[in-house]
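Not measured: the values here are computed from a predicted model. Below, chain A is the first sequence line, B the second, and so on; all start at residue 1. As a basis for the values below, the full set of heavy atoms in this structure was taken, side chains included, without hydrogen atoms, waters or symmetry mates.
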Amino acid sequence: MPFTLATWNINSVRLREPIVSKLLTEEGPDILCLQECKSPVDLMPLEKFAELGYGHVVARGQKGYNGVAILSKLPIQDAGDMDFAGLGHARHVAGRLENGVVIHNFYVPAGGDIPDREKNEKFGQKLDYLSDMRDWFRGSRPEKAILVGDLNIAPREDDVWNHKQLLKIVSHTPVEVEHFGAVMDAGGWSDVTRADIPQGLLYSWWSYRAKDWDAADKGRRLDHVWASADIKAAAHSSRILRGARGWEKPSDHAPVFATFDL
DNA sequence: ATGGTCGTCGCACGA
């Protein structure tokens with residue numbers, strides 16, 4: 001059965017309920033994974049999404065920061081969460097579909113501004129979070145699994161607007177890319193978006209600080225869709241809905257879509 | 001080389 005999934009860092013699900021609803025109405029993915037909901041679960045506007053057909057929800061929230069949710073048209077079971085790096089943050093939740101596919105929704109720590117764990121605790125926490133992800137997937141190799149989310153790393157040269165200029169900028173430093181690769185290798189994950197769109201610059205995030213984000217186009221691909229080795233061949237038709245970055249009161253991220261024949 | 005903008009919570013802090 002083919003299904004389409006999208007992942008979107010929404011930067012407050014309460015403030016942006018209107019554009020989440022717009023996405024659900026206009027694009028109608030079977031599943032939408034949200035990050036940075038910035039809300040306890042019981043204050044998320046889930047009734048609005050249920051009215052649009054997304055009555056199945058698996059979520060973790062906290063006041064003000066982080067928070068992840070999986071909105072689904074299809075029945076989905078809560079499959080738990082992990083607290084990597086011992087941060088006590090709502091950064092992961094998993095759901096299991098009736099066909100057995102497990103969906104992991106992650107919001108990896110951004111890591112602060114200085115790419116040095118001696119000078120910036122947040123950067124160390126980001127690397128530790130990724131190391132814990134690696135160890136977890138090494139211990140139990142994912143099967144029939146999809147991992148999505150804001151991983152806060154743009155791994156490839158063509159995932160950023162200027163590779164050389166960003167080598168010392170958090171999200172594109174070699175040590176982060178190395179940790180990112182270690183998570184992929186440990187789980188046997190494949191990058192679905194790049195399997196579908198192998199060539200060319202590809203971004204999912206544009207800073208709020210740029211005057212004209214569209215014309216300047218100084219983007220980064222921070223949001224990812226991965227598939228476990230056994231189902232990677234089922235994935236196709238990836239796209240990034242760049243237009244959503246220009247919607248009213250936008251998130252600084254655009255949604256990333258992938259379709260699977262499973 | 002620097003500052004630029006958001007959201008939350010209620011003044012810095014995180015992104």
Side-chain angles (χ1 to χ4, degrees), chain A residues 7-23 33-45 48 59-69 83-92 105-117 119-130 148-155 159-162 164-173 175-177 179-180 203-224 242 244-256:
Chain A
T7 178
W8 197 9
N9 177 317
I10 197 58
N11 186 17
S12 174
V13 71
R14 287 149 74 184
L15 189 72
R16 278 184 244 290
E17 176 277 319
I19 62 168
V20 173
S21 293
K22 179 179 169 76
L23 183 90
C33 296
L34 298 172
Q35 304 87 35
E36 273 209 276
C37 295
K38 295 189 172 178
S39 171
V41 174
D42 57 7
L43 296 180
M44 294 180 187
K48 301 265 190 178
R60 297 293 185 275
Q62 64 182 90
K63 188 177 171 184
Y65 301 98
N66 311 310
V68 286
D83 176 26
F84 293 127
L87 300 174
H89 295 170
R91 295 182 175 275
H92 168 254
N105 182 13
F106 275 101
Y107 174 48
V108 170
D113 289 332
I114 304 167
D116 179 346
R117 71 188 308 155
K119 296 175 186 159
N120 167 22
E121 183 186 34
K122 292 182 187 313
F123 192 71
Q125 291 171 347
K126 181 178 195 174
L127 298 181
D128 292 346
Y129 193 95
L130 293 160
V148 306
D150 177 3
L151 306 185
N152 267 312
I153 295 172
D159 291 336
V160 295
W161 65 277
N162 187 319
K164 280 191 176 172
Q165 204 161 326
L166 288 173
L167 277 170
K168 291 181 176 172
I169 302 299
V170 173
S171 73
H172 193 60
T173 64
V175 67
E176 289 169 273
V177 173
H179 278 66
F180 182 99
Y203 313 139
S204 65
W205 174 87
W206 296 260
S207 173
Y208 283 128
R209 297 175 190 178
K211 273 198 175 106
D212 185 344
W213 71 274
D214 197 19
D217 203 18
K218 294 183 174 180
R220 306 177 201 170
R221 188 171 69 105
L222 304 180
D223 303 276
H224 299 271
R242 179 185 175 111
R245 179 62 178 80
W247 288 354
E248 66 285 0
K249 290 275 251 168
S251 167
D252 44 356
H253 294 252
V256 181

Assign A:Lys211 to base, sugar-phosphate, or nothing according to its heavy-atom contacts below 4.0 angstrom with the strands shown. nothing

To the nearest Å, how far apart are A:Ile169 CD1 and B:dA1 P? 12 Å

For A:Trp206, the option from A:Asp252, A:Asp217, A:Asp214 that meets side chain to side chain donor-acceptor pair (under 3.5 Å): A:Asp217

Report yes or no: is the cationic atom of A:Arg245 (NZ for Lys, CZ for Arg) under 6.0 Å from the centre of the six-membered ring of A:Trp213, at an angle within 45° of the ring normal? yes

For the pair made of CD1 in A:Ile153 and P in B:dA15, what is the distance, rounded to whole Å? 14 Å

Can you check the distance between B:dG14 and B:dG10, where both ends of the measurement are the C1' atom (answer in whole Å)? 15 Å

For the pair made of CZ in A:Arg16 and C1' in B:dT5, what is the distance, rounded to whole Å? 11 Å

To the side chain of A:Tyr208, which of B:dT5, B:dA15, B:dG14 is closest? B:dT5

Under 4.0 angstrom, heavy atoms only, what part of the nucleic acid is A:Arg220 near: base, sugar-phosphate, or nothing? nothing

Side chains of A:Tyr129 and A:Asp83: any donor to acceptor distance under 3.5 Å? no

Using atom NZ of A:Lys38 as one end and atom P of B:dA15 as the other, report the distance to the nearest whole Å. 9 Å

How close or far is atom C1' of B:dA12 from atom NZ of A:Lys122, stated in whole angstroms? 12 Å

Work out how far the C1' atom of B:dC9 is from that of B:dA15, and round it to whole angstrom. 15 Å

Just how far, in rounded Å, is P of B:dC9 from CG of A:Leu15? 11 Å

What I want to find out is whether A:Lys119 reaches A:Asp113 closely enough, with some N-O distance under 4.0 Å, to be called a salt bridge. no

Calculate the interatomic distance between A:Trp205 atom CH2 and B:dG14 atom P; express it in whole Å. 17 Å

Once you round it to whole Å, what is the distance between C1' of B:dT5 and NE2 of A:His253? 13 Å

C1' atoms of B:dC6 and B:dC11, separation to the nearest Å: 16 Å

Correct closest heavy-atom pair for A:Pro40 and A:Lys63 would be CD-CA, 4.0 Å

